[in-house]
Amino acid sequence: MLAELRGLDLYIDSTQILRSVSLKVDEGEIVCLLGRNGAGKSSIIKSIIGLYSAQSGRIMFKDKDITNLSPRKRVLLGLAYSPEDMRVFSELTVEENINLSTWITSETKRMKDFSIEKTFNVFPEIKKLLKRRGIYLSGGEKKMVSITRALALNPTLLLLDESFEGLAPIVVSRFRDALRRIKDLGITILLAESNVRIASQVAERSYIVERGEIVFEGAPDEILENKKLLKLIGR
Ligand SMILES: Nc1ncnc2c1ncn2[C@@H]1O[C@H](COP(=O)(O)OP(=O)(O)O)[C@@H](O)[C@H]1O
Ligand SMILES: [Mg+2]
């Protein structure tokens, strides 16, 4: 097993956001977190990367307990994150945005045999945008930059928060192909996604999150065929 959450409880300002969340991600899988808006998907992802710290429970990654590590240390161990709002810097070029990653990881052992070229092949269209500043990118292009920047960290587990959100249908299929290419690079993916049809096209396994709790685990296709489960995710 590559990553595991064990009974994670998260409170923010005395409101309970996550309730005993347990889940597992195996090496090579694409796993999806499904659930309505406000269910807790992003909070789970932020807890894994270390932006939120859970009050109880444990987070394991590569057989290490990372519960109390800083986000930076988690990245050095092989985690990377593309946030829902992309965080692409407007004043920096695409190339500079992506190169930010190398500030963190250069000199580390993990980067020794890493070729950034493979990263650029996930979204080949990025190569034509390298000199463009963030402010002149479309939403879809920003998503590509954000994911490419995360890949430039040479991650083992890539955390994607709503990477398909707001994409035009034709771009959705490009992202689906990109996810397959990421998987072919040997990278495991945990994706927060609100659209179960997209989830069923990219993920082998999924969890439904509802009011901060995991209420279902199984194939996305099972959800598509089950009215009660569809209702849970607001479809
Ligand atoms: N930093 C925060 N401060 C206050 N409330 C938060 C914060 N982050 C998340 N929440 C609350 O936690 C719940 C789950 O949010 P979130 O994890 O973003 O859900 P999802 O990603 O499934 O839409 C929501 O009610 C949200 O308002
Ligand atoms: Mg979210």
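Whatever order the structure lists ligands and atoms in, that order sets their numbers, starting from 1.
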Query - Nearest neighbour in protein (non-hydrogen) for atom 4 (C) of ligand 1 - result: Ile12 CG2, 3.8 Å
Query raised in the report: Can Asn226 and Lys231 be counted as having a side-chain donor-acceptor contact under 3.5 angstrom?
Result: no
Query raised in the report: Are any of the heavy atoms in Gly38 under 4.0 Å away from ligand 1?
Result: yes
Query raised in the report: salt bridge (Lys or Arg N to Asp or Glu O under 4.0 Å): which pairs involve residues 198-213, sequence neighbours left out?
Result: Glu29-Arg205, Arg36-Glu210, Lys183-Glu204, Arg205-Glu217
Query raised in the report: Should you measure from each heavy atom of Asn37, which atoms of ligand 1 turn up under 4.0 Å away?
Result: 23 (O)
Query raised in the report: Got a salt bridge between Asp177 and Arg180, using NZ or NE/NH1/NH2 to carboxylate O under 4.0 Å?
Result: yes
Query raised in the report: Between Lys127 and Phe120, is there a donor-acceptor pair closer than 3.5 Å when you use the side chain of the first and the backbone of the second?
Result: no
Query raised in the report: Any Lys/Arg nitrogen of Lys24 or Asp26 sitting under 4.0 Å from an Asp/Glu carboxylate oxygen of the other?
Result: no
Query raised in the report: Does any N/O atom on Glu84 come nearer than 3.5 Å to any N/O atom on ligand 1?
Result: no
Query raised in the report: Can you tell me the protein heavy atom closest to atom 9 (C) of ligand 1 and the distance?
Result: Ser43 OG, 3.7 Å
Query - Short N/O/S contact of Ser194 with the Mg ion (ligand 2) (below 2.8 Å) - result: no
Query raised in the report: To the nearest 0.1 Å, how far is atom 26 (C) of ligand 1 from its closest protein heavy atom, and which atom is that?
Result: Ile17 CD1, 5.0 Å
Report task. Give a yes/no on ligand 1: does Gly40 have at least one heavy atom closer than 4.0 angstrom to it? Result -> yes
Report task. Give the residue, atom name and distance (to 0.1 Å) of the protein heavy atom nearest atom 18 (O) of ligand 1. Result -> Ser42 CB, 3.6 Å
Requested in this report: Check for a donor-acceptor pair, side chain of Asp9 on one end and backbone N or O of Ser20 on the other, with a separation under 3.5 Å.
Outcome: yes
Query raised in the report: If we ignore angles and hydrogens, is there a donor and acceptor under 3.5 Å between the side chains of Arg149 and Ser101?
Result: no
Query raised in the report: Is the number of heavy atoms from other residues, nucleotides or ligands within 6.0 Å of CD (Glu125) greater than 12?
Result: yes
Requested in this report: Could you tell me which atoms of ligand 1, counted from 1 in the order shown, lie closer than 4.0 angstrom to a heavy atom of Arg36?
Outcome: 22 (O)
Query raised in the report: What's the shortest distance from atom 8 (N) of ligand 1 to any protein heavy atom, and which residue and atom give it?
Result: Tyr52 OH, 2.8 Å
